[in-house]
Protein chains: 2
Amino acid sequence: MVSIKDIAKKAGVSISTVSYALNGSPKVTDETCARILAIAKELNYTPNAAARTLKKRESKIIGVFLTDFSGPFYGHLLQGIKEYLNGHDYELIVCSGSQSHRFLPERMIDGAIILDAAFTDEELLQHADRGHKIVVLDRELIHPNINQVLLDNKAGANLAADYVLEKGHRKLYVVAGPQDSYDSDKRLHAVRQTVGRYKDVDCTELPGSFDKESGEKAARRILEAYKEPAAVLCLNDEMAVGVYNTVAESEYRIGEHIHIIGFDNIELSAYVSPRLATIDYSKHKWGALAAEQLLKLIAGEKVEHERIYVTLVKGESVGDV
Amino acid sequence: MVSIKDIAKKAGVSISTVSYALNGSPKVTDETCARILAIAKELNYTPNAAARTLKKRESKIIGVFLTDFSGPFYGHLLQGIKEYLNGHDYELIVCSGSQSHRFLPERMIDGAIILDAAFTDEELLQHADRGHKIVVLDRELIHPNINQVLLDNKAGANLAADYVLEKGHRKLYVVAGPQDSYDSDKRLHAVRQTVGRYKDVDCTELPGSFDKESGEKAARRILEAYKEPAAVLCLNDEMAVGVYNTVAESEYRIGEHIHIIGFDNIELSAYVSPRLATIDYSKHKWGALAAEQLLKLIAGEKVEHERIYVTLVKGESVGDV
DNA sequence: TTGTAAGCGTTATCAC
DNA sequence: GTGATAACGCTTACAA
């Protein structure tokens, strides 16, 4: 491996002069600077990240932590984060799994964006206590080193519930997400609140886990008890797709017997037939805003918690044309 | 930041003893070892990754490089890589964008898995020349430090072409991928070869770029020239979905006027209607095998290039029921 | 303008 | 068994 020492030797200068030249310090003559740069290029020199990180105590790398790599909307979210970071001299790495949690305390990264229920609140607070900067996308955590950029789950769930209720539905099912999911929890509470304003609504809550299988399972229970047209509020789109799968194998029809609305507006929801009604928000903006907040936190600027707004996407899945 | 120096001071021992204890060396007494470990925990000690990487000249981190984060099958691929690596004491980070290319030469990572046309062959060969270990998923590159784990594009394209040809189609369209894509290139050549064996086939090649938009564009050209039922070979599923979109807005029907087959078997292809015929392969296995080859390369073991086999998925999109 | 030297947090080679 | 000490590659006062 070629280091600044090798360059110094070949150029007949000291390593500090090489370091200055490489970092474009004005202290060194244009002439020697040029000579050193030429030799560096000739020797194919590349700086050693570990050494620089060790010395400067920063890596210029931000880590994004996801529960898994398969989320249907991670692409846009990560793209938003990446674009912001690259425009601000930071690099992005994506991590998943508990083993990668060490990256933060080990100072491999300068900050973290969390969308991963595998992190406990305690763990994040502990990191924050030790001075690490964190932006959370999936929980509420109050700490000077932690900033929240959260979806407006309440507004979204209200929009969804009002939509089917206004269509006249009085037989309702809600398919919930995992117990430990912040988003599911908020959405469920908002639905309960909205539904509670109507006294003639029969609302049944079904467990789920934000994946297709749990949607299929819920659908089987709904179909078994079928007596009259019912509306199904799925707390995310993936479960709604699961409901589609099961209903497709039955004598019933989505948009006719089973009306359904999801949450997230994933790409698939535009391709299932009939089109799934859902709640939309900009994943790109969510990511970009999270990145912006994190860099501000790192720079020591004061930041407020942020909220991502949502809109209703109508669809034939609730009988709308 | 608490370092081994702090632990040494508090324990009244030298830093080398602390290091030994922390690394479970048998040289230190169980007693002192336990005491040191207790103090480390008490002080909330975590090792500094940069320092360890600098000294040991390895990071135990593997980087996966993707063109972007939105690929519809990256989830399974990454999961396969992650599972293998985590079972072998390595951690995975996912990178995208030319800025992140520096991770390899800067020795931030111990090896790289490449599925990213933004890397040139020259760049990769240069890294390999400097001793970096690389597994390529998207090109053929011969170098002792580079291993290939490639899809059997030829077999897949042959399967797809034979499938529609055996259905009796003689009017064919091929929607190609980007010019710089290895997979597209291989698939296109295989299709040409298969089609060449029939002298009565009229085959038109259309440009594309592996995204929906290019599929839509190709479909518009196909529909404008429509005279009789035609078969469309899309060199990946995303473009096939684009064709669906455009055909859906016309008077023609997929599986009746326009027969179509894709490549990749992405999740969406099972949800478009009618179901898209396509070429399937295990993305999970592809990732796991790539990871395995890379660790062998790093360990200095001899490795052979590998191939991922493909199968045909029939579908109503070619009139099959 | 350039050189000297200390130090970032580890690991590892020696002595004792 | 344990302790000095050098080294990894780099940055940055401070000295010359």
Inset, instruction - Identify whether any heavy atom of A:S19 sits under 4.0 Å from a base atom; if not, whether one sits that close to sugar-phosphate; answer base, sugar-phosphate or nothing. - result: base
Inset, instruction - Go through residues 41-50 of chain A and report each residue with a non-hydrogen atom lying under 4.0 Å from DNA chain C, sorted by number. - result: none
Inset, instruction - Indicate the atoms forming the closest heavy-atom contact of B:D110 with B:K60, along with that distance. - result: OD2-N, 2.6 Å
Legend entry - Closest-nucleotide ordering on DNA chain D, the 5'-leading residue of B:K55 and A:I15: B:K55
Legend entry - Euclidean distance, atom NZ of residue A:K27 to atom C1' of D:dA15 [Å, nearest integer]: 11 Å
Inset, instruction - Determine the minimum heavy-atom distance between A:A290 and A:V149, stating which atoms define it. - result: CA-CG2, 4.0 Å
Legend entry - Heavy-atom pair of closest approach, residues A:A117 and A:R139: CA-NH2, 4.0 Å
Legend entry - Partner set under ring-ring contact (aromatic ring centres under 6.0 Å, His included) for A:H127, not counting sequence neighbours: none
Legend entry - Pair B:E42 + B:K10, salt bridge at N-O below 4.0 Å: yes
Legend entry - Range on DNA chain C touched by chain B, heavy atoms, distance below 4.0 Å: C:dC8 to C:dC14
Inset, instruction - Quickly work out the B:N23 CG to D:dG1 P distance and round it to whole Å. - result: 18 Å
Inset, instruction - Give a yes/no verdict on a cation-pi contact between A:K82 and A:Y84, requiring under 6.0 Å between NZ or CZ and the six-membered ring centre and an angle within 45° of the axis. - result: no
Inset, instruction - Using whole Å, report how far NZ of A:K5 lies from C1' of D:dC8. - result: 8 Å
Legend entry - Validation row, ring centre B:F65 to ring centre B:F119 under 6.0 Å: yes
Inset, instruction - Identify whether any heavy atom of A:S16 sits under 4.0 Å from a base atom; if not, whether one sits that close to sugar-phosphate; answer base, sugar-phosphate or nothing. - result: base
Legend entry - Along DNA chain D (nearest heavy atom to each residue), the more 5'-positioned of B:V13 and B:A51: B:V13
Inset, instruction - Mark yes or no: A:K41 above the aromatic ring of A:Y45, with NZ or CZ under 6.0 Å from the six-membered ring centre and no more than 45 degrees from the axis. - result: no
Legend entry - B:L54 CG - D:dT11 P separation (whole Å): 12 Å
Inset, instruction - Using a 4.0 Å heavy-atom cut-off across all strands, classify B:T53 as base, sugar-phosphate, or nothing. - result: nothing
Legend entry - N/O donor-acceptor pair under 3.5 Å between A:S3 side chain and A:K5 backbone: yes
Inset, instruction - Calculate the interatomic distance between A:I36 atom CD1 and D:dC10 atom C1'; express it in whole Å. - result: 15 Å
Legend entry - Whole angstrom value for the distance that separates P of D:dC14 from OH of A:Y20: 11 Å
Inset, instruction - Round to the nearest Å and state the distance from A:E58 atom CD to D:dT11 atom P. - result: 11 Å
Legend entry - Atom-to-atom span, CD1 of A:I4 to P of D:dT12 - whole angstrom: 12 Å
